[in-house]
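Heads up, the thing below is written out as C-alpha cells.
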Amino acid sequence: MIKMGNISKMYKSGQIQVEALKNVSFTIKEKEFVSIMGPSGSGKSTLLNVIGCLDHASNGSYELSGNVVDKLSDSKMSEIRNMFIGFVFQNFHLLPRANAIKNVEIPLIYRGMSGKERKELAEHALEMVGLEERMHHLPSQLSGGQQQRVAIARAIVGNPSIILADEPTGALDTKTGDLIMELFIDLNKKQSMTIVQVTHEEEIAEYGNRIIRLVDGEIVSDESSGGILNV
Ligand code: ADP
Ligand code: ADP
C-alpha cells in the first residue's frame, strides 16, 4: 500500500540546509496500524507530509496504492490525497460554525455528490464513531474527545485506504486519548482500515502493531508486536 525507497527531504533556508529525512525506506501493508515515534525535530511531520502527498520528497521513490507519487503535479497529488487519505490532526481542525454532520460532509463536497448522498454518508460515519446523538451539535458544544470523533468521522467518510493522524491524542487527557485509540483499533480491526499515526507518547504508540522510530531523520528501529522487522 505504501512503499518508500530511500526517501530524503532537504529544506533550504538561505545558506542553511537541513536534511529532515535521510534515506528512509519502509513498506506499510494494508490493515497495518503503525505508530511513528521520535523526538521533536526528528522528521515525523516531514514524513507524514510526504506520506500524505502534501509535500514531495527531495529524493527517493514513493508509491501509494499503486500510484508513483514522486513526479506527480500538485493537482494530481491533491487528487490522490482526496481519494486515498483521511487526515486527523492534534487540534481537530473542525469548522467552528458548522455542526458535526456538516463538518463530516466536507471531503465529499469535492467529489460532486448530491446533498442527500453526502448527508447519508456523513450520518453513517458519525454512527461508526459513536456520535449519532450529536450530529447537529456545533464543535463548541462538544468535548475534546467528541470533537476528535467528528474529525475521525470526517477522515473516514470518503472511504479512504489509509488514515494519517498527527498527534491525535495530543490535545486530550489520558482517558479520552485511550478511548480515541480504542476507536482506531476498532476501525483497524473491524473496518480493515490502515492507520499511520505520529506520536511522541510511548503508551499511545503501543496501541499500534508496529512502531517506527526516527532520530535525526533516520529510522533507528522498526518493530512489530511480533518482533523486530529491521533496524
Ligand atoms: P518533527 O515533526 O519530528 O518535530 P519535523 O519534520 O517538523 O520534525 O522537522 C525535521 C527537521 O526539519 C527539523 O530540523 C526542522 O527544523 C526542519 N524543518 C521542518 N520543516 C521545515 C521547513 N519548512 N523549513 C526548514 N526546515 C524545516
Ligand atoms: P511538530 O509539533 O509536529 O513537531 P514542528 O513544531 O516541528 O511540528 O513544526 C510545525 C510546522 O512548522 C511543520 O509544518 C514544519 O514543516 C514547520 N517547521 C518546522 N521547523 C521549521 C523551520 N526550521 N523552518 C520553517 N518551518 C519549520
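If you're wondering where the values come from, they're calculated on a predicted model, not measured in any experiment. In listed order, ligands and their atoms are each counted from 1.
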Looking at ligand 1, is there an atom of it that comes within less than 4.0 Å of some heavy atom belonging to [X]?
X: G43; value: yes
X: P39; value: yes
X: S13; value: no

Subject >> Same cluster (ILVMFWY, side-chain, under 4.5 Å), I195 and L179 >> reply: no

Subject >> L47 side chain near K44 side chain, heavy-atom distance below 4.5 Å >> reply: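 A side-chain contact under 4.5 Å is absent here.
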
Original post:
Is there side-chain contact between M181 and F33, with heavy atoms separated by less than 4.5 Å?
Top reply: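 They are in side-chain contact.
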
[X]: numbered ligand 1 atoms lying under 4.0 Å from its heavy atoms:
X: K44; value: 1 (P), 2 (O), 3 (O), 4 (O), 6 (O), 8 (O)
X: A20; value: 10 (C), 11 (C), 12 (O)
X: S42; value: 1 (P), 3 (O), 8 (O)
X: S45; value: 1 (P), 2 (O), 6 (O), 7 (O)
X: S40; value: 4 (O)

Original post:
When you measure from atom 9 (O) of ligand 1 to each heavy atom in L48, I36, T46, which option holds the nearest one?
Top reply: T46

Subject >> More than 12 heavy atoms of other groups within 6.0 Å of K3 NZ >> reply: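 No, NZ of K3 has 12 or fewer neighbouring heavy atoms, counting only those of other groups under 6.0 Å.
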
Subject >> N-O pairing of E202 and R213 below 4.0 Å >> reply: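 Answer for the salt bridge query: yes.
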
Subject >> Short side-chain donor-acceptor distance under 3.5 Å, T194 and E32 >> reply: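 No - no donor-acceptor pair under 3.5 Å links their side chains.
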
Original post:
Just by distance, with hydrogens left out, do S78 and Y110 show a side-chain donor and acceptor under 3.5 Å apart?
Top reply: no

**OP:** Give yes if a backbone or side-chain nitrogen or oxygen of V18 is under 3.5 Å from a nitrogen or oxygen of ligand 1, and no if not.
**Re:** no

